[in-house]
Amino acid sequence: MTTERYNPRTAEPKWQKAWAEAKLFETQTDAAGEKYYVLEMFPYPSGRIHMGHVRNYALGDVVARYKRAKGFNVLHPMGWDAFGMPAENAAMQNKVHPAKWTYENIDAMRTQLKSMGLSLDWSREFATCDVDYYHRQQMLFLDMLDKGLAYRKKSKVNWDPVDMTVLANEQVIDGKGWRSGADVEQRELVQWFFKITDFADDLAAALDALPNWPEKVRLMQRNWIGKSEGLMLRWALETATAPEGQREVTVFTTRPDTLFGASFIAVAADHPLAQKAAENNPDLQAFIAECRRTGTSAEALEKAEKKGFATGIEAVHPFDPEWRVPVYVANFVLMEYGTGAVFGCPAHDQRDLDFARKYGLPVKPVVLPPHEDPVAFSVGNEAFTDDGTIYNSGFLDGKTPDEAFEAVAERLEATDLFGAPQAERRVNYRLRDWGISRQRYWGCPIPVLHCESCGVVPEARENLPVKLPDDIDFEKPGNPLDRHATWRKAICPRCGGDASRETDTMDTFVDSSWYFARFTAPRADEPTDPQAANAWLPVDQYIGGIEHAILHLLYSRFFVRAMRKCGHLDLDEPFKGLFTQGMVVHETYRDGREWVPPVDVRFEEAEGARRAIRISSGQPIEIGGIEKMSKSKKNVVDPDDIIGSYGADTARWFVLSDSPPDRDVIWTEAGVEGAHRFVQRLWRLVTETAPKLRDAPSSASGGEDDEALTIRKAAHRTVAGVGEDIERLGFNKAIARVHELVNQLAAAFAKLDAGSPPARLAAAREALSMLVRAIAPMMPHLAESAWEAIGEDGLVAAAPWPTVDDTLLSDDTVTLPVQINGKKRGDLTVPAEAGKADIEQATLALDFVVAALDGKTPKRLVVVPGRIVNVVV
RNA sequence: GCGGGUGUGGCGGAAUCGGUAGACGCGCCGGACUCAAAAUCCGGUUCUGGUGACAGAGUGUCGGUUCGAGUCCGACCACCCGCACCA
């Protein structure tokens, strides 16, 4: 008998239409069932979806469809993270308006996403560049300004002196502007900030209340916030060496216990003391200027060679008025952290040690490692940073570092310096306030005015939205809003006088920090409908890339706190469950210096070696490493091509099956073909078996037929396992189970005919129906076609998850591996309820055990019921 | 540089609580069907030695704890992600 091959090109659009017409995925807040909000990180509309999107949205869709089948009221929306630099780059390169470019990209990508057959509620769709959306974001900004959560301060940017524009970190390459090639400078601008540090303590503490987050993400966030308890410590400056008007410097230290090992003080290049000292010192000015050419990213600063400049200024040691410590300006001290000044104790900090060795500064150990001789111990090129006993430290000698910390704090809190305590305890955070100002066009305008008489004034709520002007040009670099002829002109809502608009727009991270809340009431006049937000939030399962582990997630957590303060919702945390997926990676190919896309490559197998041939030239080319799919390396596979030739189900099945979802998946053509073969195999199994089951009884309970029982056990066990795997997001394991079941059913069904015992036919029908429902979350289109072919009613997308009969999950007997001295030597089959003593007895009767013992008694007999037996001879 | 992660056959991976290492898939090899091919079906496939039963080795490297370690502990190596203006 021949059956027709399954044709996804006709089946997939048909079922997508059927779902849309049934409005199956349009969610009502008050519908029956417990709420479940599943969300994947929304995409940036770059123009085409890539395989990372396919993976991300396939993962989320399995969860959404599964939860729906389990009876939950599922919210599964989609939108667009649509502001950002690529639209401006496109505008400059292709002379296309960022809005036009963005909305055309959205249209193209929406079509692509729809071809994946995702169970999304498209009625809630929005883009962050919609005026409707950024209007509400401006409302939020005003509320936050009102609550003191937004403020202005000076901050540094990367400045390109040739293009006269601010550069993003990614636009700075080796300290030079990406277009101009000019040396980038640091420049200070007054910019807008969100006061995320107000919540630093809570953001760190509340991580403990997120058990469904990966531990690694919580750890990364905790480290990012970086809470540390230390001392603000004031050092007097030796008057003769200090610049005029400067008599002290304050450092922040977490190691006051090592104060007697202090060998230098280092201040940031932007520290007031450095500035002051440079006034009459051209060499220092040059050094500070050099520091400013490093760019603003922490990475660049940390990787730069550690350098210092001796200012000639000396500080007086707090515990010894005769002891002088030199003050350096150093490029590794950050003005943003602590006080912008540190004291260095080289013996117990690696960076300080490197610095001291470089500049010939003393290295005096003050913490003695356990079991070391105080006379003999010295520090070479490795600092001792562990616990020990304080020595060489006067009144601290013999204390532990913790005790010494306390002793120093107590004494210096009570010591007067220029009329104030010399030290003060302080909890410090690494976390800095969130700078949201961007000197760009394609972002949400900050709704603020600068009035000549009133200063900085928030735009009146009724004047919102502050819309982006459409008539802009990208002929010149820099911010088009800044040079727009009329847009800046405004009336001050306070005094009615002339004012000019703020031309900074918001960081696009702001847009993505509350979109999940907007989805709960996407057309509300206010930013949220608090009732809907509180009903749906938190997001039960949030899924996205690990690259967002810190910033996006931390900002969203901050926003929920800020929005609660402003009354927009009542919520502790935005994302109850978080899952970070791995990337989609692919081999790279290069022809000399040129990267070659996979579609232009074919392979030859010669003498066991795999060779790549460039199709367009017929020449052999080099096979490179397996790397993240990227435009620059051209190692991309277009999902459209895959869906066009194999169908969405094949693409979904492949990205779900090959790797655990939190790890990278390597896209291979062979893997996709394998997935497609399985699609056809399943279809064949269904269409070849269905006719045999026309007269099968509808209920399958028959235990009188062994074969029927075997089929039923297999089906029920698989469904139980697949359900558990999906709950744990172990999709690759769920798929392995489906493969096993199909292997088993194919063998059993081949032997079936109309004359088979009714119980067996009934078991087969039940198994087939369960199988189809089990694959439906992963291959929804094929499942619908199969559902129809086996004669079930309605849409499988609306069918409940199969009920598992628990009595079919256990066996009467268990087979235990038997080890001798930890190596497996055989098996032992015992009744499932056998106790330890029964197993011991049975083990000692086994042939190979008797032989191994050779008449002796075992040294030890380890029996773990249900697991293993180990005989120690 | 700092923070976080990963490492198991030819390849992707499985092993849920310290208990049979290699489920399942890909690839490869052999067979069936076919005039032939494709498709499909069946069998085999960690490595080494052996015709074979079997024996030994084996989870990045080195060491440790344990009756038993892929799993726990210590040191190291390689690769990947993030580092506040890419999204």
Side-chain angles (χ1 to χ4, degrees), chain A residues 5 41 43-44 46 81 83-86 157-158 166-172 214-217 219-220 222-224 226 296-306 332 336 350-351 430-440 507-509 512 545-552 554-555 580 582-583 585 605 608 625 627-628 654 657-660 662-666 668 670-671 673-675 677-678 680-681 684 724-725 728 730 732-733 735-740 743 746-747 750 815-819 821-827 858-862 864 866-872:
Chain A
R5 279 170 69 81
M41 291 179 185
Y44 179 79
S46 56
D81 188 13
F83 275 135
M85 288 204 308
V157 294
N158 299 306
V166 176
L167 299 177
N169 282 336
E170 73 157 6
Q171 296 173 323
V172 179
E215 184 54 43
K216 62 177 171 183
V217 174
L219 193 58
M220 280 191 257
R222 202 170 280 124
N223 289 340
W224 185 262
T296 58
S297 82
E299 192 187 355
L301 294 171
E302 296 267 354
K303 275 186 181 161
E305 191 197 349
K306 310 285 177 286
F332 59 85
E336 287 81 19
Q350 192 59 46
R351 194 167 59 182
R430 207 185 76 97
L431 181 69
R432 309 196 300 256
D433 275 336
W434 175 11
I436 61 156
S437 280
R438 297 292 180 269
Q439 294 71 39
R440 298 183 213 295
D507 178 8
T508 57
F509 270 125
S512 55
I546 184 71
E547 67 272 20
H548 294 294
I550 297 176
L551 293 180
H552 162 60
L554 194 63
Y555 291 153
T580 54
M583 295 179 301
V585 294
E605 209 69 40
E627 297 188 51
K628 178 179 180 171
F654 174 71
S657 68
D658 229 38
S659 283
D662 55 346
R663 256 198 252 172
D664 291 350
V665 62
I666 303 177
T668 61
E673 282 167 12
R677 267 202 299 280
F678 186 73
Q680 295 298 347
R681 185 166 183 228
R684 221 164 32 241
E724 282 171 31
D725 288 336
R728 279 195 291 250
N732 56 324
K733 287 181 254 176
I735 282 176
R737 285 184 207 273
V738 171
H739 275 289
E740 271 174 303
N743 286 342
T815 300
L816 302 176
V818 178
Q819 299 180 330
N821 292 337
K823 281 204 168 275
K824 193 202 165 189
R825 291 296 134 131
D827 292 307
K859 210 188 255 175
R860 192 163 168 184
L861 192 56
V862 182
V864 186
R867 280 279 188 195
I868 203 162
V869 181
N870 190 10
V871 186
V872 185

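Letters A, B, ... mirror the listed sequences (proteins, then strands); counts begin at 1.
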Legend entry - Any donor-acceptor N/O pair under 3.5 Å between B:C2 base and A:Glu299 side chain: no
Inset, instruction - Tell whether A:Asn870 reaches the base of B:C67 with its side chain through a donor-acceptor pair below 3.5 angstrom. - result: yes
So [X], base contact, sugar-phosphate only, or nothing? Heavy-atom distance under 4.0 Å.
X        : result
A:Phe509 : base
A:Val862 : base
A:Gly435 : sugar-phosphate
A:Trp224 : base
A:Leu431 : base
A:Ala549 : nothing
A:Pro660 : sugar-phosphate
A:Arg430 : base
A:Val869 : nothing
A:Arg681 : sugar-phosphate
A:Ser512 : nothing
A:Val172 : nothing

Can you check the [X] [atom1] to [N] [atom2] distance for me, whole Å?
X        : N     : atom1 : atom2 : value
A:Arg440 : B:C85 : CZ    : P     : 10 Å
A:Lys824 : B:A57 : NZ    : P     : 17 Å
A:Lys216 : B:C81 : NZ    : P     : 13 Å
A:Asp664 : B:G4  : CG    : P     : 20 Å
A:Asn169 : B:G82 : CG    : P     : 13 Å
A:Asn158 : B:C85 : CG    : P     : 10 Å
A:Leu219 : B:G82 : CG    : C1'   : 13 Å
A:Ile546 : B:A87 : CD1   : P     : 19 Å

Pairing partner (Watson-Crick or G-U wobble, both distances under 3.5 angstrom) of [N]:
N     : value
B:U40 : B:A32
B:G49 : B:C54
B:C79 : B:G5
B:U16 : none

Tell me whether the side-chain N/O atoms of [X] come closer than 4.0 Å to OP1 or OP2 in [N].
X        : N     : answer
A:Arg432 : B:A84 : no
A:Arg677 : B:C26 : yes
A:Arg663 : B:A14 : yes
A:Thr508 : B:A87 : yes
A:Asn743 : B:A23 : no
A:Lys733 : B:A15 : yes

Do [X] and [Y] come within less than 4.5 Å of each other through their side chains, counting heavy atoms only?
X        : Y        : value
A:Val862 : A:Val869 : no
A:Ile546 : A:Met220 : yes
A:Val818 : A:Lys824 : no
A:Asn870 : A:Val864 : no

Inset, instruction - Determine yes or no for a side-chain-to-main-chain donor-acceptor pair under 3.5 angstrom, with A:Asn158 supplying the side chain and A:Thr296 the backbone. - result: yes
Inset, instruction - Return yes if some donor-acceptor pair links the side-chain N/O of A:Arg430 with the main-chain N/O of A:Trp224 below 3.5 Å, else return no. - result: yes
Candidate nucleotides [options], ranked by approach to the side chain of [X] - the nearest:
X        : options             : value
A:Gln819 : B:C26, B:U20, B:C85 : B:U20
A:Asn732 : B:G3, B:A84, B:A14  : B:A14
A:Gln439 : B:U16, B:C85, B:C26 : B:C85
A:Arg737 : B:C67, B:G82, B:U16 : B:U16
A:Arg684 : B:C41, B:C81, B:A84 : B:C41
A:His548 : B:A87, B:A55, B:A84 : B:A87
A:Met220 : B:C67, B:G4, B:C83  : B:G4
A:Arg825 : B:A21, B:C85, B:A55 : B:A55
A:Glu740 : B:G19, B:C24, B:C85 : B:C24

Inset, instruction - Under the salt bridge (charged side-chain N to carboxylate O under 4.0 Å, His left out) rule, what do A:Arg677 and A:Glu673 come out as? Steps first, then yes or no, please. - result: CA-CA 6 Å; A:Arg677 267 202 299 280; A:Glu673 282 167 12; 5.1 Å; no
Legend entry - B:G13, syn or anti by chi within 90 degrees of zero: anti
Inset, instruction - Answer syn or anti for B:C54, where the cut-off is 90° from 0 on the glycosidic torsion. - result: anti
Inset, instruction - Could you tell me whether the side chains of A:Arg663 and A:Asn732 share a donor-acceptor contact shorter than 3.5 Å? - result: no
How far does the [atom1] atom of [N] sit from the matching atom of [M], given to the nearest Å?
N     : M     : atom1 : answer
B:U65 : B:U46 : P     : 33 Å
B:A37 : B:C24 : C1'   : 30 Å
B:A39 : B:A21 : C1'   : 35 Å
B:C29 : B:G10 : C1'   : 13 Å
B:G68 : B:U6  : C1'   : 26 Å
B:G1  : B:A23 : P     : 41 Å
B:A78 : B:G30 : P     : 41 Å

Inset, instruction - Hey, which sits more toward the 5' end of RNA chain B by its nearest nucleotide, A:Gly674 or A:Val864? - result: A:Val864
Inset, instruction - Please tell me which of A:Tyr555 and A:Arg867 maps to the more 5' nucleotide of RNA chain B, matching each residue to the nucleotide holding its nearest heavy atom. - result: A:Arg867
Inset, instruction - Look at the rings of A:Trp434 and A:Tyr555 and say which category their plane angle falls in: under 30° parallel, 30 to 60° tilted, over 60° perpendicular. - result: parallel
Legend entry - A:Asp507/A:Arg438 ion pair, N-O < 4.0 Å: yes
